[in-house]
Each structure stands twice: as C-alpha cells, then as structure tokens.
**Student:** 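I have a structure here, written as structure tokens, and I will follow up with some questions on it.
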Amino acid sequence: MGRAPVVVGGFEITSAEFVKSATALSGLPEERLPQIAFLGRSNVGKSSLMNALTGSKNLVKVSSTPGKTREINFFKINNQFFLVDLPGVGFAKVSITKRDQMADFIREYVEKCQDLKGLIYLVDIRHGGTPTDIETVEAIRETGCPVLIVASKMDKVNQSEKAQGLKLIKQRLELETNPICVSSFKKTGLDNLWNEILRAVEKKDV
C-alpha cells in the first residue's frame, strides 16, 4: 500500500521504501539510480536522521544497540534515487575480524560504486570530531568521493556548547565553513540537508 506524500524541508516525498541489504558489492541494487550514503560513528543518529528526512517513523530501523547495522541498506526515494545506510564506524562490541570486514566493505563501496554521488558524514556536535571521525573522513576524501559533514544532535546542546562544537568540527575536519546542523528530534536543518542531497543527486557526471 502506498503512503500519502509528505513534505520535509521543502521536498515532497511521494514514496520511500526499503529495497535491500548488501554485504558485498555483488549485492548492490541492479537499478542504476543515484545513491547518497550516510556514515558516522555508531550512535551518532544516522537512522533517526534518515527517518526524519523521509518523514517516516520506522523506515530505517533505530536500534537500541549501537552498531547493530552490519549491512549496507538501500532505501529508494520517489523512485528516483537511493539513500544508503552504511554500518557505523568505530564500534567496539563486534569482533575485530567483523569490524575489519565492515571497514573494508565500506571502503570498497565508496571507491567502486559508480552510482554513489556523495557521502554524508555525521558528527555528534557534543564531541566535536573524534579521532575516529577525523581518520574516517580523511580516508573518504582520499577516494575522491564528495563528503558533506553534518553536525547531529543539535537538540542536546545549548548555544555556547553549539558554538564550541562547531568550532572544533570545523577545525578538526578542516572545513572552510561550519557544517550543516541538524536535529532529528526537533526536525531542524532538514531543509538545508535536502538541498545538498538534491544538488548531489542531480549533478551530472563529467
């Protein structure tokens, strides 16, 4: 059964559906549509943000156990592009071998997926960019994949904490401007993020 269209951040979503999970490049969707991937440390709020962006409560499963996502999950939006949920990085409660395999799969996906138009990397504004964040973003940049830094959990900080968090993220991740700030709980910043997503989706390959 279809869902009624919803407008989030000025963008009308007529359909949003889970398509498949993949644990290898051979498992990626056969449908050649643009892909925008989401990445960040476990418990940074990826699933909640993706649900907020799509006007859904449970399109993307929000686990009470951080780091539970083990696969790459693909969600088709308006039959036009995919939002892609990548496994969280830096989570310690999986085995070293499994963690290394996930890291290798993410790297391979970012390097080789021809339909990947950009990657959104979430940083918890309260932490200002951890060594794991810095290392991961540097690795993504080395692949040549466009990466947009987004500061999450805005509703958890006051104005002075926000300013300090943004300053640290900008400095540590070597940004020219402050990152987009979002709160999945208060639905703030979604319009700016959708603008960036749509710009990446519509960008033609040179």
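The analysis underlying the following values was restricted to heavy atoms, covering all of them including side chains, and did not include hydrogens, waters or symmetry mates.
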**Student:** Which heavy atom of I72 sits nearest a heavy atom of V84, and at what distance?
**Tutor:**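 For I72 versus V84, the nearest heavy atoms are CG2-CG1, 3.2 Å.
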**Student:** Side chains of N51 and S56: is there a donor and an acceptor less than 3.5 Å apart?
**Tutor:**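 The criterion, which ignores hydrogens and geometry beyond distance, is not satisfied for S56 and N51.
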**Student:** Would you please name every residue forming a side chain to side chain donor-acceptor pair (under 3.5 Å) with T136, sequence neighbours left out?
**Tutor:**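 For T136 there are no side chain to side chain donor-acceptor pair (under 3.5 Å) partners, ignoring immediate neighbours.
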**Student:** Between K76 and E31, does a salt bridge (charged side-chain N to carboxylate O under 4.0 Å, His left out) hold up when you go through it step by step?
**Tutor:** CA-CA 10 Å; K76 187 161 61 172; E31 197 170 4; 3.0 Å; yes
**Student:** For G189 versus V182, what's the shortest heavy-atom pair and its separation?
**Tutor:**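 In this case the closest contact between G189 and V182 is O-CG1, 3.8 Å.
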**Student:** Can you name the closest pair of heavy atoms from P29 and Q35 and give their distance?
**Tutor:**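 Answer, listing the atom of P29 first, then Q35: CD-NE2, 4.3 Å.
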**Student:** Do L168 and Y121 share a hydrophobic cluster, counting only Ile, Leu, Val, Met, Phe, Trp and Tyr and linking them when any side-chain heavy atoms are less than 4.5 Å apart?
**Tutor:**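 L168 does not cluster with Y121.
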**Student:** Return the set of residues passing side chain to side chain donor-acceptor pair (under 3.5 Å) with D124 (not counting sequence neighbours), or none when no residue passes.
**Tutor:**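 Scan of D124 (side chain to side chain donor-acceptor pair (under 3.5 Å), adjacent residues dropped) gives R126.
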**Student:** More than 12 foreign heavy atoms under 6.0 Å from NZ of K162: is that the case here?
**Tutor:**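 No, NZ of K162 has 12 or fewer neighbouring heavy atoms, counting only those of other groups under 6.0 Å.
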**Student:** For G129 and I169, work out which heavy atoms get closest and say how close.
**Tutor:**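 Here G129 and I169 meet closest at N-CG1, 4.1 Å.
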**Student:** Taking I140's backbone N and O only, do any of them form a donor-acceptor pair with T143's side chain (distance below 3.5 Å, no angle check)?
**Tutor:**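 Here the side-chain-to-backbone pair exists.
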**Student:** Sequence neighbours left out, what passes ring-ring contact (aromatic ring centres under 6.0 Å, His included) with F81? Give chain and number order.
**Tutor:**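 Partners of F81 by the ring-ring contact (aromatic ring centres under 6.0 Å, His included) criterion come out as none, since no residue qualifies.
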**Student:** Got a sec: does the CG of N58 have more than 12 other heavy atoms crowding it under 6.0 Å?
**Tutor:**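 Not buried by this count: 12 neighbours or fewer within 6.0 Å.
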**Student:** What distance separates N195 CG from F11 CZ, expressed to the nearest 0.5 Å?
**Tutor:**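 It is 10.5 Å, given to the nearest 0.5 Å.
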**Student:** Taking all heavy atoms of I13 and all of A16, pick out the closest pair and write down the distance.
**Tutor:**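 Closest heavy-atom pair between I13 and A16: CG2-CB, 4.2 Å.
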**Student:** Can you list everything that forms a side chain to side chain donor-acceptor pair (under 3.5 Å) with E196? Sequence neighbours excluded, please.
**Tutor:**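 E196: side chain to side chain donor-acceptor pair (under 3.5 Å) contacts with R199.
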**Student:** Could you grab the distance from atom CG of L166 to atom CD1 of I180, nearest 0.5 Å is fine?
**Tutor:**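 It is 11.5 Å, given to the nearest 0.5 Å.
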**Student:** Is there a donor-acceptor pair closer than 3.5 Å between any side-chain N or O of W194 and the backbone N or O of G10?
**Tutor:**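 Side chain of W194 to backbone of G10, a donor-acceptor pair under 3.5 Å: no, none is there.
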**Student:** What residues, two or more places apart in sequence or in another chain, satisfy ring-ring contact (aromatic ring centres under 6.0 Å, His included) together with F75?
**Tutor:**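 For F75 the ring-ring contact (aromatic ring centres under 6.0 Å, His included) partners, ignoring immediate neighbours, are F18.
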**Student:** Which atom names give the shortest non-hydrogen contact between S21 and E71, and what distance separates them?
**Tutor:**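 Closest approach of S21 to E71, heavy atoms only: CB-CB, 3.9 Å.
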**Student:** Give a yes or no on whether I197 and L148 share a hydrophobic cluster (residues Ile, Leu, Val, Met, Phe, Trp, Tyr; joining criterion: side-chain heavy atoms under 4.5 Å apart).
**Tutor:**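 Same hydrophobic cluster.
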**Student:** Does a side-chain N-to-carboxylate-O contact under 4.0 Å join K156 and E161?
**Tutor:**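 Between E161 and K156 there is no salt bridge, as every charged N stays at least 4.0 Å from the carboxylate O atoms.
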**Student:** Kindly write out the residues that satisfy side chain to side chain contact (heavy atoms under 4.5 Å, CB included) with S183, not counting sequence neighbours, or none if the list is empty.
**Tutor:**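 In terms of side chain to side chain contact (heavy atoms under 4.5 Å, CB included), with neighbours along the sequence ignored, S183 is linked to M154, D155, F185, K186, T188.
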**Student:** Count the heavy atoms of every other residue, nucleotide or ligand shown that sit under 6.0 Å from CD of E17, and state whether that count exceeds 12.
**Tutor:**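 Check passes, neighbour count above 12.
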**Student:** Spell out, yes or no, whether F38 and V8 are grouped together once hydrophobic residues are joined by side-chain heavy atoms under 4.5 Å, including indirect joins.
**Tutor:**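 In one cluster with F38: V8, yes.
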